[in-house]
Amino acid sequence: MWNSVEVSVGPAVHRGRYRMEGDQLVLEWRNGRVAERCGLLKPEYVAQSRLKQLVSGQLAA
C-alpha cells in the first residue's frame, strides 16, 4: 500500500509516495524512484527527509 508524503521547500509544496518493501523504503516522486534502508526509524520520517533532500539538491543544481 502506498502512502503520500509532501514537503515544503521555499514557496512550493512537493509530493511523493512511499511504501515499505521488507526493510527498504521505496520513494517515488516526479523525478524518479529511490530506495533506502529504513532501520528503526518511522517510514514517514525517512520519506519526508529523503524527499526534502532530493528536492533541495535539485533546486541547488
Side-chain angles (χ1 to χ4, degrees):
M1 180 175 93
W2 289 98
N3 297 297
S4 297
V5 61
E6 63 180 42
V7 295
S8 297
V9 178
V13 175
H14 302 273
R15 292 176 180 82
R17 64 183 189 160
Y18 69 93
R19 70 177 176 192
M20 293 299 297
E21 293 180 356
D23 67 343
Q24 294 279 320
L25 177 115
V26 177
L27 172 65
E28 289 185 347
W29 65 304
R30 63 184 165 91
N31 288 349
R33 181 180 193 165
V34 294
E36 66 180 61
R37 189 168 177 275
C38 193
L40 298 175
L41 298 173
K42 287 187 172 185
E44 56 268 23
Y45 297 143
V46 176
Q48 286 177 341
S49 175
R50 189 66 174 128
L51 182 58
K52 189 172 257 190
Q53 287 175 350
L54 290 166
V55 171
S56 296
Q58 193 172 49
L59 292 177

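If you're wondering where the values come from, they're calculated on a predicted model, not measured in any experiment.
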Donor-acceptor pairs are to be reported for all side-chain atoms of residues 42-50 against protein atoms at under 3.5 Å, with residues two or more places apart or in another chain.
unit_1, atom_1, unit_2, atom_2, d
Arg50, NE, Glu36, OE1, 2.9
Arg50, NH1, Gln53, OE1, 3.2

- Under 4.5 Å side-chain linkage, directly or through intermediates, the cluster mates of Trp2: Val26
- Side-chain heavy atoms of Leu54 within contact of Leu27, under 4.5 Å: yes
- Task: Considering non-hydrogen atoms only, spot the tightest contact between Leu51 and His14 and give its length.
- Result: CD2-O, 3.8 Å
- Message: If I compare all heavy atoms of Leu25 with all of Cys38, which pair ends up nearest, and what's the gap?
- Response: CB-CB, 4.4 Å
- Query: Would you say the side chain of Arg37 lies within less than 4.5 Å of the side chain of Gln24, judging by non-hydrogen atoms?
  - Reply: yes
